[in-house]
Structures are given as C-alpha cells and as structure tokens.
Amino acid sequence: MRFRTRTFLKALVASAALALAGGTHAADAKRLKVGITLHPYYSFVAHIVGDRADIVPLIAADANPHGYAPQPADMIRITSMDVLVVNGIGHDTWAFEILDASGMRDKLKLIYANDGVSLIPVAGDPSGAKVVNPHTFISTTAAIQQVYTIARALGELDPDNAGFFRDNARRYALTIRKLRAEFDAKIAGADLSKFRCATMHSGYDYILQELGLQVTAVIEPRHGVEPTARQLAETIDRIKAADVNVLFAEKYFASKLSDTIKDATGVRMYSISHISSGGYTPEKFVDEMRENLATLAEAIVDSAKGA
C-alpha cells in the first residue's frame with residue numbers, strides 16, 4: 001500500500017511538473033511585436049492580430065508623417081520590433097532612414113503593405129511626371145488588399161495564429177466593404193456627369209478612381225509644397241476652363257491656399273481626412289473613411305443638384 005502511495009505521489013508530482021512547464025511555456029511564448037509606420041496600418045494590424053500580438057508605432061501619434069525627421073527615440077524603438085509594416089512607395093521614406101541609422105535594415109522583417117495593390121501615378125500633376133501615388137490606404141478596395149497582405153505575412157511569421165489572423169482579416173474586410181455600400185446608397189440616382197473636382201494634393205486619387213471620379217487638377221505639386229505664383233495662376237486657369245465645381249482640401253491641415261483657390265474660382269470646398277494624424281486607434285481607419293465617403297457623397301449630390 002505504501003509503495004503504491006509513493007508511486008501515486010511521484011506520478012502526481014510529475015504530472016504537476018509537466019503542467020507547470022506547459023503553463024510556463026504558454027505564458028512565455030513569444031508574442032510578435034509588430035511595428036507600423038502609418039495610422040491606417042495601426043488599425044489594420046489591430047483588427048488582424050486582436051490580443052495575440054503587440055503593436056509598436058514607429059513614430060509618435062502627434063508627429064506629422066509628411067517630411068518627418070527621425071528622432072533618437074525612433075532608433076531605440078525599432079530595435080524592439082519583430083516585423084515592421086511599411087508603405088514603402090514614398091509615404092514613409094523616413095522609416096528606411098531609421099532602419100539604416102539603427103543598423104536594422106538587414107535584420108528586421110519588413111511587410112510591404114502595397115504588395116499586390118495596383119498602383120497609380122499622381123493625378124493632375126502639372127509637370128506631367130509619372131510619380132507613383134503612395135496614398136493607397138485612402139481607399140476601400142486597396143485597403144482590403146493591404147489587410148490581406150499584412151495578415152498573410154504575419155501568419156507566416158506566427159504559424160500558430162495564421163488561421164486566427166486570416167479570419168480576422170476577412171471580418172475586417174467585410175466591415176470596410178460595408179463603407180462602400182453605405183456610400184453607394186447615398187449617391188443612388190445622382191448624376192455623376194456634373195461632378196468635376198480638383199484636390200489640394202494627391203492624397204485622394206485612389207478613392208476617387210475607385211468611385212469612377214476623375215481629378216482635373218492637383219494644387220500642390222508635392223504634399224506640403226505650395227505651388228509657385230505662376231503654377232497657381234495656371235492651375236486656377238485650368239480649373240476655370242474645365243468648369244471644376246468641387247475642391248477637396250485636407251481636413252486637419254488648414255491652408256490659406258485652399259481659400260485662395262475657392263475665392264478665385266467659385267468652387268465648393270469640402271474637407272477629407274488624410275488619416276495621418278491623431279491617436280493610434282483600432283477604429284481610426286473605418287471611422288475616418290466613413291466620414292470621407294460621406295463627404296464625397298455630399299459633394300456628388302450637391303454637384304448633381306447644381307447647389
């Protein structure tokens with residue numbers, strides 16, 4: 001009886017040790033630290049990984065990603081990441097400066113969000129140059145493509161959670177598709193032939209192309225770079241000649257230039273978010289794209305009415 005008792009206790013201790021070892025392993029299992037460069041990517045990754053990975057923004061939420069100058073803290077932050085989601089086609093060139101300065105260029109796995117996206121040139125560029133437009137995330141179809149690309153790449157890095165990431169990506173894609181359905185319902189019956197627009201910069205080309213809307217003129221030759229007096233005069237003449245009736249300006253970056261254009265041409269001005277400022281939140285992309293599409297619908301309906 002005593003022998004059987006000792007044997008039972010040994011077995012019990014061994015089982016407990018195995019359970020404890022298993023629990024310790026589970027607790028210590030490496031969670032991916034996913035770096036992101038832009039606000040939309042935070043939203044994409046947050047919905048993909050849920051609570052099974054950590055998200056590390058490369059730069060502070062209040063930093064302006066246009067013309068950003070890398071800071072010493074960025075060099076430290078990037079070394080904590082397992083992978084970094086990048087735009088890679090012009091919107092986050094500073095991320096590659098940080099990679100080089102920190103010695104992480106060949107060490108850190110990069111996910112190029114735009115792999116698989118059909119890229120377009122900047123519309124309405126007065127120089128006629130075919131410059132790739134990096135604002136692919138201001139779209140619904142291109143955003144969904146990026147969500148799938150990111151989810152697939154994260155699944156390769158974390159095979160145990162690949163199915164979880166894939167399912168989350170599908171659910172999030174459905175949420176984004178619903179934004180487009182809401183937009184279509186708002187413009188049902190509107191005469192799109194009367195809609196002619198100019199934009200302050202090229203940030204909205206993807207969503208406008210997706211909706212079948214053409215950009216007649218882009219005011220700023222490059223984001224944040226105001227046109228020369230001659231370029232401005234030529235743009236105003238082009239807007240008048242093309243009978244442009246809508247001007248889209250950036251919502252969170254006030255510019256006196258847009259008021260100048262409005263006063264000179266009589267166009268109606270609407271503001272669209274560039275989704276590149278404010279806090280990093282999971283809902284930021286959907287919330288601001290919903291507002292953007294509502295604004296676009298309003299502009300189309302107003303144009304159709306001749307308002």
Side-chain angles (χ1 to χ4, degrees), residues 15 18-59 61 65 77-89 91-92 95 99 104 107-118 136-182 206 210 275-276 278-290 293:
S15 298
L18 286 172
L20 181 60
T24 301
H25 176 74
D28 292 341
K30 183 174 175 58
R31 288 166 57 88
L32 280 179
K33 290 188 179 297
V34 184
I36 56 93
T37 60
L38 301 174
H39 287 74
Y41 299 156
Y42 186 97
S43 296
F44 296 171
V45 172
H47 281 273
I48 291 167
V49 303
D51 61 355
R52 299 192 185 182
D54 299 319
I55 310 173
V56 185
L58 180 53
I59 63 176
R77 196 176 298 115
I78 202 168
T79 62
S80 71
M81 301 172 184
D82 298 309
V83 59
L84 177 63
V85 180
V86 298
N87 176 269
I89 56 173
H91 207 300
D92 51 13
L99 282 165
M104 295 292 288
K107 299 177 182 177
L108 185 62
K109 167 71 176 178
L110 301 181
I111 296 176
Y112 288 85
N114 291 300
D115 282 355
V117 173
S118 296
T136 52
F137 47 83
I138 306 182
S139 166
T140 59
T141 55
I144 289 171
Q145 180 62 57
Q146 291 172 79
V147 168
Y148 285 141
T149 294
I150 295 168
R152 183 168 56 253
L154 290 177
E156 292 172 357
L157 292 173
D158 185 357
D160 290 343
N161 284 310
F164 178 76
F165 296 160
R166 183 173 58 250
D167 291 343
N168 284 350
R170 288 172 178 164
R171 280 190 288 270
Y172 189 48
L174 180 59
T175 298
I176 297 173
R177 286 193 183 95
K178 288 179 180 177
L179 297 179
R180 175 62 189 274
E182 292 171 6
Y206 283 92
E210 175 185 335
I275 321 181
S276 60
Y280 292 107
T281 68
E283 304 310 321
K284 186 176 189 64
F285 175 78
V286 165
D287 288 347
E288 297 201 12
M289 273 304 296
R290 179 177 285 112
L293 289 168

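Atoms considered below: every heavy atom in the structure, side chains included; atoms not considered: hydrogens, waters and symmetry mates.
Residues H91 and L38 form a side-chain contact, since some pair of their non-hydrogen atoms from C-beta on lies under 4.5 Å apart. Using a 4.5 Å heavy-atom threshold, the side chains of I138 and Y206 count as separate. Using a 4.5 Å heavy-atom cutoff, the side chains of R170 and Y148 are in contact. With a 4.5 Å cut-off on side-chain heavy atoms, I111 and V34 do not count as touching. Looking at N168 and R171, their side chains come closer than 4.5 Å, going by heavy atoms from C-beta outward. Side chains of N87 and T136 form a contact here, defined as non-hydrogen atoms less than 4.5 Å apart. For the pair V85 and T37, the minimum side-chain heavy-atom distance is 4.5 Å or more. By the 4.5 Å heavy-atom criterion applied to side chains, I48 and L154 are counted as neighbours.
Separating the CE atom in M81 from the CE atom in M104 is a distance of 8.5 Å, to the nearest 0.5 Å. Between the CZ atom of R290 and the CZ atom of F285 there is a distance of 11.0 Å, given to the nearest 0.5 Å. For the atom pair CZ (F44) and CD1 (I144), the distance works out to 9.5 Å, reported to the nearest 0.5 Å. To the nearest 0.5 Å, atoms CG (L84) and CZ (R77) are separated by 11.5 Å. The distance from the NZ atom of K107 to the CG atom of D82 is 14.0 Å, given to the nearest 0.5 Å.
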Side chain to side chain contact (heavy atoms under 4.5 Å, CB included) between H39 and F137, intermediate numbers included: CA-CA 10 Å; H39 287 74; F137 47 83; over 6 Å; no
Verdict with reasoning, I176 to M289, per side chain to side chain contact (heavy atoms under 4.5 Å, CB included): CA-CA 9 Å; I176 297 173; M289 273 304 296; over 6 Å; no
Y280 vs I55, side chain to side chain contact (heavy atoms under 4.5 Å, CB included): CA-CA, chis, key distance, verdict: CA-CA 10 Å; Y280 292 107; I55 310 173; over 6 Å; no
Worked verdict on D92 versus L58 for side chain to side chain contact (heavy atoms under 4.5 Å, CB included): CA-CA 10 Å; D92 51 13; L58 180 53; over 6 Å; no
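Taking the charged nitrogens against the carboxylate oxygens, D158 and R52 have no contact shorter than 4.0 Å, which rules out a salt bridge. A salt bridge is defined here as a Lys NZ or Arg NE, NH1 or NH2 lying under 4.0 Å from an Asp or Glu carboxylate O, and K33 with D54 meets this definition.
Looking at residues two or more places apart in sequence or on another chain, you find no side chain to side chain donor-acceptor pair (under 3.5 Å) involving R177.
Residue pairs meeting the side-chain hydrogen bond (donor to acceptor under 3.5 Å, both in side chains) criterion with at least one member in residues 42-51, sequence neighbours excluded, are H47-E283.
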